[in-house]
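Heads up: the structure comes next, in structure tokens.
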Amino acid sequence: MTREDLLRTVDLIEPGDLVRYHGSIPEAHGFYLAHPCLCASCQFRATYSPTDIRYLLIDPWGEIPGPECVRRASITRSTACN
């Protein structure tokens with residue numbers, strides 16, 4: 001296991017974790033609850049590339065819809081989850 005792999009295991013995102021979205025949709029940047037995306041495309045992707053997990057982001061306050069099919073690189077786990 002490389003050092004980078006070890007660091008990634010520390011930063012795992014589990015269902016319901018609070019994350020900050022900083023991806024390609026600037027108007028959606030902010031905090032969300034992350035859940036594995038269960039759409040057909042993401043299910044297919046996960047079948048053939050299990051390391052390519054995508055996320056459905058849910059607004060913790062229920063005010064706006066969150067982004068779907070979000071890449072892991074577009075979110076950062078909140079330190080409040082430690």
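This chain uses plain numbering: 1 for the first residue, then up along the sequence.
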Verify whether one side chain among His22 and Thr76 offers a donor that lies under 3.5 Å from an acceptor in the other.
-> yes
In the hydrophobic cluster built from side-chain contacts under 4.5 Å, what are the other members alongside Phe44?
-> Tyr48
Spacing of SG belonging to Cys37 relative to CD1 belonging to Ile53, to within rounding of 0.5 Å = 12.0 Å
Do the side chains of Leu57 and Val19 get nearer than 4.5 Å, heavy atoms only?
-> yes
Just by modelled atom types, is the Ala34 backbone N or O under 3.5 Å from a matching donor or acceptor in the Asp17 side chain?
-> no
To the nearest 0.5 Å, atom CG of Asp52 lies from atom OG1 of Thr47 at 11.5 Å
In Å, rounded to the nearest 0.5 Å, how long is the span from NE2 of His35 to CD1 of Ile13?
-> 12.0 Å
Single-linkage hydrophobic cluster, 4.5 Å side-chain cutoff, Leu33 and Leu38 together = no
Please tell me if the side chains of Cys39 and Cys69 come closer than 4.5 Å, counting only heavy atoms from C-beta onward.
-> yes
Once you round to the nearest 0.5 Å, how far does OG of Ser74 lie from NE2 of His29?
-> 8.0 Å
Would you call Tyr55 and Arg72 a side-chain contact if the rule is heavy atoms closer than 4.5 Å?
-> yes
Output all residues satisfying salt bridge (Lys or Arg N to Asp or Glu O under 4.0 Å) with Arg71, sequence neighbours left out; order by chain, then residue number.
-> none
Between the CD1 atom in Ile58 and the OH atom in Tyr32, the distance rounded to the nearest 0.5 Å is 11.5 Å
Any chance you could measure Cys42, atom SG, to Arg54, atom CZ, to the nearest 0.5 Å?
-> 6.0 Å
